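Notes follow the structure.
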There are 2 protein chains.
Amino acid sequence: MAKSKNTEQKIFDAATELFLEKGVDRTSVREIANKAGINLALMNYYFRSKENLFDAIFTMLVKKNTRNLIKILDSDLGLEEKIRKYVEAYIDMLTDNPLLVSFVMAIVHRSQERIIQMKAISSLYSTSKFAQQIFDESKKGHIKPTSPTQLFVDMLSLITFPFAIKLLIMDKNNYDEAQFREFMEERKQRIPDLLLMSIKKEGE
Amino acid sequence: MAKSKNTEQKIFDAATELFLEKGVDRTSVREIANKAGINLALMNYYFRSKENLFDAIFTMLVKKNTRNLIKILDSDLGLEEKIRKYVEAYIDMLTDNPLLVSFVMAIVHRSQERIIQMKAISSLYSTSKFAQQIFDESKKGHIKPTSPTQLFVDMLSLITFPFAIKLLIMDKNNYDEAQFREFMEERKQRIPDLLLMSIKKEGE
DNA sequence: ATCGGGGTTTAAACTTTGTTTAAAACATCT
DNA sequence: AGATGTTTTAAACAAAGTTTAAACCCCGAT
């Protein structure tokens with residue numbers, strides 16, 4: 001039992017490292033087995049397939065990195081502060097974990113169907129409290145009547161997509177890494193401003 | 001010569017159909033050869049590799065579908081009308097070609113490096129005229145000082161990303177296809193409003 | 001203590017990929 | 001007709017993920 005936990009963990013760790021380093025597709029199962037120092041077939045013994053192993057690792061990474069995002073969204077903060085904190089934390093998270101974006105893209109590409117089955121991702125899109133808040137605020141007349149779904153999709157798009165086309169942006173604007181970082185840093189202010197402006201009542 | 005053009009075209013057509021239907025990764029070269037009614041090796045004879053074939057098809061699809069997008073961006077329309085037309089045409093295009101999104105994601109995922117080498121994609125991000133326009137308008141005092149890059153990235157993100165997470169949106173909101181279409185239809189108004197509001201001078 | 005059995009590990013083989021090879025078939029021009 | 005260059009073919013190759021069946025190991029029941 002002790003030994004088995006060990007083996008499973010060794011596979012998991014080796015695969016995580018390789019996936020992050022070279023991407024899923026460019027990492028072979030034999031390589032993982034090598035790095036973990038285990039027999040090739042054990043990978044299929046513990047995880048049913050490479051795809052499955054990927055899912056497990058991805059779920060772990062998402063869970064680990066998005067806990068506080070969800071906490072912010074579900075908190076009792078006011079709308080403005082909540083949006084500002086969320087955007088900032090999200091951008092920080094993706095800046096620190098560039099592979100997460102590429103992982104999500106991998107899933108989106110392979111089969112969108114799977115995305116909705118992965119609870120880790122799905123929970124990222126957990127807006128019940130946020131939606132309620134939008135609803136309440138607009139009822140109270142503090143903000144314009146707003147579709148929570150539209151607003152939330154706006155927010156996700158503005159945060160996430162630039163990371164997906166990072167190299168394109170860098171290429172077209174002759175940015176180096178530091179400049180791209182700066183570009184995203186600006187967006188921490190810009191995105192909340194944009195979103196808040198869109199829900200502000202006319203003439204206030 | 002006549003026959004060869006024919007073979008090349010047959011491969012191209014069969015592959016296009018299969019790629020669109022099942023995705024690149026889930027389409028094998030043998031399947032393509034089968035559907036095209038040609039020998040397996042001819043695929044490598046005419047296109048050097050499957051990857052290359054994919055590039056050719058992708059370039060064709062993008063070129064075919066984005067001509068007018070670029071035309072709009074480079075036109076002499078006023079800023080507001082230009083943005084409205086562009087957003088609408090872009091959303092229409094992606095609605096009609098859902099596979100393009102998945103193709104772009106495939107490329108983004110495989111290797112971002114390639115994205116900047118593909119002229120087809122790169123030309124989609126052609127903003128010199130648009131950037132100039134922003135610059136002029138803000139100089140003339142018609143709009144707030146605005147970073148063209150930020151604005152353009154905003155626009156692309158708001159348009160494209162929702163298609164990438166289409167199934168997630170549908171799942172979370174219990175949308176069917178028609179309702180998602182309606183959701184994107186709303187965005188044709190919403191996105192330009194958002195962008196234009198963000199560049200409007202205070203108190204006008 | 002030992003035997004049997006369940007969970008692990010192993011080496012080897014299997015299947016399916018994309019790709020390459022070398023010869024055959026074909027077409028074209030002199 | 002024959003030489004030459006292009007196109008097509010069947011077969012084999014390498015690398016990938018996966019499966020198999022036997023070996024191994026540990027542990028509790030007899």
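Owing to the predicted nature of the structure, the values given are computational and were not obtained by experimental measurement. These numbers come from the heavy atoms of this one structure, side chains and all, not from hydrogens, waters or symmetry mates.
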- Note on the structure: Taken to the nearest whole Å, CD/Glu31(A) to P/dA16(D) is 8 Å
- Message: Nearest heavy atom decides the nucleotide; on that basis, is Thr27(A) or Asn39(B) closer to the 5' end of DNA chain D?
- Response: Asn39(B)
- Message: Is it the case that atom NZ in Lys63(B) sees more than 12 heavy atoms from other parts of the structure closer than 6.0 Å?
- Response: no
- Task: Give the rounded distance in Å between these two atoms: CG of Leu18(B) and C1' of dG18(C).
- Result: 16 Å
- Task: Using atom CD1 of Ile32(A) as one end and atom P of dA15(D) as the other, report the distance to the nearest whole Å.
- Result: 18 Å
- Message: Can you measure Asn6(B) atom CG to dA27(C) atom P for me and round it to whole angstrom units?
- Response: 13 Å
- Task: Grab the CG-P distance between Leu42(B) and dT20(C) for me, whole Å please.
- Result: 14 Å
- Salt-bridged, Asp76(B) to Lys129(B), with N to O below 4.0 Å? yes
- Residues Asp25(A), Lys50(A); criterion salt bridge (charged side-chain N to carboxylate O under 4.0 Å, His left out); working and verdict: CA-CA 10 Å; Asp25(A) 290 334; Lys50(A) 185 188 178 186; 5.3 Å; no
- Query: Does Glu81(A) come within less than 4.0 Å of Lys85(A), counting only side-chain N to carboxylate O?
  - Reply: yes
- Any Lys/Arg nitrogen of Lys35(A) or Asp13(A) sitting under 4.0 Å from an Asp/Glu carboxylate oxygen of the other? no
- Item | Side-chain heavy-atom pair Ile32(B), Leu53(B) within 4.5 angstrom cut-off | yes
- Item | For atom CZ of Phe47(A) and atom P of dG17(D), their distance in whole Å | 15 Å
Please list, for nucleotides 18-22 of chain D, all pairs of protein and nucleotide N/O atoms separated by less than 3.5 Å.
unit_1: dT18(D); atom_1: OP2; unit_2: Lys50(A); atom_2: N; d: 2.9

- Spacing between Arg26(A) atom CZ and dA15(D) atom C1', to the nearest angstrom: 16 Å
- Query: Can you check the Asp25(B) CG to dA16(D) C1' distance for me, whole Å?
  - Reply: 13 Å
- Side-chain N or O of Thr7(A) less than 4.0 angstrom from OP1 or OP2 on dT9(C)? yes
